[in-house]
Amino acid sequence: CEFRALWLGQLLSVGGDQLARVAMTVLVFDRTHSALWTALTYAVTFLPWVIGGLALSGLADRLPRRQVMVTCDVARMVLVGLMALVSLKTPPVLALWIMVVLLFFVTLLDSPFKSARSATLPDVLPGERYVLGIAVTQTTLQVSMVAGFALGGLVVAVTGVRTALLIDAATFAASALLVQLWVRQRPVAAKSPGSP
């Protein structure tokens, strides 16, 4: 049950990330008609993985892992909701800048989420089941990334950018709920430097 919740949470989070990328690149191109700005916006979504991986992935060892996953998903839900609100109520050029910054932080929170999920898997799937769980997780990640782009394009085309962003926010909310309800709380893995 715990693995299913983690797996489905991953599926929703990755799909949501891809949906946000597609929505933002479509919005930037629609408002600027610039391939350069569109490409730069898309590139901004990969930079946080480098920064987040170095600076934030250690949170999975210093804080309860379930708490890290839920907090990251809730924060991403709020940030994507703000993106949808900004796209509605802000002058177009300013809205783009604010939304790109918000998207940067949405993507930044992916690293601690993934670190906490990966660190939880050995507790959830002991022994040989862990190897199978990793295989399923990696396959799901690859399929979600490809399908997320295809479905993201379709969702943006059918519903528009704002609705796509609200759907994205809902994926993060669902992921947080799954993890909170079905993943057991475990003690912190590493003690802080000053603790006895």
Side-chain angles (χ1 to χ4, degrees), residues 1-25 42 44-53 55-60 63-84 99-100 102-125 133-156 159 161 163-186:
C1 188
E2 282 187 287
F3 177 71
R4 280 192 218 98
L6 289 169
W7 175 80
L8 193 51
Q10 175 193 18
L11 187 66
L12 289 166
S13 290
V14 171
D17 283 340
Q18 301 302 73
L19 186 56
R21 279 191 188 95
V22 171
M24 278 302 299
T25 53
Y42 185 76
V44 162
T45 66
F46 289 99
L47 180 62
W49 282 348
V50 176
I51 298 167
L56 300 176
S57 59
L59 291 174
L63 298 169
R65 291 171 180 156
R66 184 180 75 176
Q67 178 186 337
V68 170
M69 289 184 279
V70 170
T71 301
C72 287
D73 271 342
V74 169
R76 290 188 286 182
M77 176 196 70
V78 169
L79 291 169
V80 173
L82 284 173
M83 288 170 66
M99 290 172 73
V100 167
L102 290 171
L103 183 61
F104 176 88
F105 285 106
V106 168
T107 311
L108 187 69
L109 291 169
D110 187 50
S111 291
F113 177 88
K114 282 184 179 171
S115 295
R117 190 193 67 240
S118 295
T120 302
L121 280 178
D123 295 329
V124 172
L125 298 172
I134 289 294
V136 169
T137 299
Q138 289 303 317
T139 302
T140 299
L141 176 66
Q142 299 304 319
V143 170
S144 296
M145 289 183 81
V146 173
F149 280 125
L151 290 174
L154 182 62
V155 168
V156 171
T159 68
V161 171
T163 304
L165 289 172
L166 292 173
I167 292 169
D168 182 22
T171 65
F172 291 123
S175 175
L177 192 61
L178 283 167
V179 172
Q180 180 67 35
L181 294 178
W182 283 290
V183 176
R184 222 168 27 97
Q185 182 72 289
R186 292 175 171 86

[X] to [Y] - nearest heavy-atom pair and separation:
| X | Y | value |
| --- | --- | --- |
| Met24 | Leu103 | CG-CD2, 3.5 Å |
| Ser175 | Phe113 | OG-CZ, 4.0 Å |
| Ala20 | Leu165 | CA-CD2, 4.4 Å |
| Leu19 | Gly152 | CD1-CA, 3.5 Å |
| Val74 | Ala176 | CG2-CB, 3.9 Å |
| Pro112 | Leu59 | CB-CD1, 4.3 Å |

Working to the nearest 0.5 angstrom, can you tell me the gap between [X] [atom1] and [Y] [atom2]?
| X | Y | atom1 | atom2 | answer |
| --- | --- | --- | --- | --- |
| Leu82 | Met77 | CG | CE | 10.0 Å |
| Thr71 | Gln180 | OG1 | CD | 9.0 Å |
| Leu108 | Leu56 | CG | CG | 5.0 Å |
| Leu121 | Thr137 | CG | OG1 | 5.0 Å |

Quick one: list whatever passes side-chain contact (heavy atoms from CB on, under 4.5 Å) with Leu11, sequence neighbours left out. Trp7, Leu8, Thr140, Ser144

Crowded around Arg186 CZ? As in, over 12 foreign heavy atoms under 6.0 Å? yes

What's the verdict on side-chain contact (heavy atoms from CB on, under 4.5 Å) for Met69 and Leu6, showing C-alpha distance, side-chain angles and the deciding distance? CA-CA 10 Å; Met69 289 184 279; Leu6 289 169; 3.7 Å; yes

Within-4.5 Å side-chain heavy-atom neighbours: [X] and [Y]:
| X | Y | result |
| --- | --- | --- |
| Val136 | Phe3 | yes |
| Leu12 | Leu178 | yes |
| Arg184 | Asp123 | no |
| Asp73 | Arg76 | yes |

Flag, side chain of [X] to backbone of [Y], donor-acceptor distance under 3.5 Å:
| X | Y | result |
| --- | --- | --- |
| Gln18 | Phe149 | no |
| Thr171 | Asp168 | yes |
| Arg117 | Gln10 | no |
| Thr120 | Ala116 | yes |
| Gln185 | Pro64 | no |

Ignoring hydrogens and angles, state whether a donor on the side chain of Arg21 or Thr45 is under 3.5 Å from an acceptor on the partner side chain. yes

